[in-house]
Amino acid sequence: MTTNLRSALESLAKKWSVTFPNGGTSKSEFFGVELTSLLSTTTDDDLPVAAAALADNWGNAGGGVPDYASYTRGYFAFDVQQAIRTSATPGT
C-alpha cells in the first residue's frame, strides 16, 4: 500500500505545484510544497497516517488560510484522501 500511496502522493505534489509556461506559479502552489515536504520527511511506514493528518488539517483549517485558498484547501484535502483510499484498495 505505501509504495502505491507514495507514488500517488508524488503525482499529487506535481499537480499542486503548477508552474506556468511564463515561469509563474499558481496561488495554491503551497499545497504542493506541503505535500513534497511530507514525502521527503516521512517514512513509508508512517506515510498513511501522516497523509491522513495532512488532509484532515487542511480540510478543517480555520484561520491562517489565505483568502484565495479557502475553498481550494477542500479540493486538496479531497485529493489526498482519495489517494489514501485508492492505494488501500486491493488490486489498484
Side-chain angles (χ1 to χ4, degrees):
M1 172 184 151
T2 53
T3 302
N4 291 342
L5 178 56
R6 183 169 292 277
S7 178
L9 293 176
E10 286 170 349
S11 294
L12 283 179
K14 289 177 187 174
K15 171 187 172 183
W16 284 95
S17 299
V18 175
T19 301
F20 300 112
N22 67 1
T25 57
S26 72
K27 290 183 176 181
S28 58
E29 179 194 21
F30 64 87
F31 290 117
V33 172
E34 287 272 317
L35 202 45
T36 300
S37 177
L38 177 100
L39 288 165
S40 67
T41 60
T42 307
T43 64
D44 282 349
D45 290 340
D46 295 332
L47 193 56
V49 172
L54 180 70
D56 186 55
N57 287 342
W58 279 112
N60 297 304
V65 176
D67 289 340
Y68 59 81
S70 59
Y71 64 91
T72 307
R73 65 187 169 92
Y75 295 127
F76 173 74
F78 178 79
D79 274 356
V80 174
Q81 291 167 346
Q82 285 300 103
I84 295 166
R85 284 186 192 107
T86 302
S87 66
T89 304
T92 59

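Note that the coordinates shown come from a computational prediction; the quantities given were computed from them, not determined experimentally.
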Ser87 side chain to Ala83 backbone, donor-acceptor under 3.5 Å | yes

With distance as the sole test, does Asp56 use its side chain to make a donor-acceptor pair with the main-chain N or O of Ala52 at under 3.5 Å?
-> no

For Leu35 and Ala13, which heavy atoms make the closest approach, and how far apart are they?
-> CD2-N, 3.6 Å

[X] side, atom [atom1]; [Y] side, atom [atom2] - distance, nearest 0.5 Å:
| X | Y | atom1 | atom2 | value |
| --- | --- | --- | --- | --- |
| Phe76 | Leu12 | CZ | CG | 7.5 Å |
| Gln81 | Trp58 | CD | CH2 | 14.5 Å |
| Ser11 | Asp79 | OG | CG | 11.0 Å |
| Phe31 | Glu34 | CZ | CD | 8.5 Å |
| Leu38 | Arg6 | CG | CZ | 8.0 Å |
| Asn4 | Leu47 | CG | CG | 11.5 Å |

Ring centres of Trp16 and Tyr75 under 6.0 Å apart?
->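 Judged by ring-centre distance (under 6.0 Å), Trp16 and Tyr75 do not meet the cut-off.
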
What residues, two or more places apart in sequence or in another chain, satisfy salt bridge (charged side-chain N to carboxylate O under 4.0 Å, His left out) together with Lys14?
-> none

Which of Thr86, Leu39, Val80, Ile84 passes side-chain contact (heavy atoms from CB on, under 4.5 Å) with Leu5? Answer is Ile84

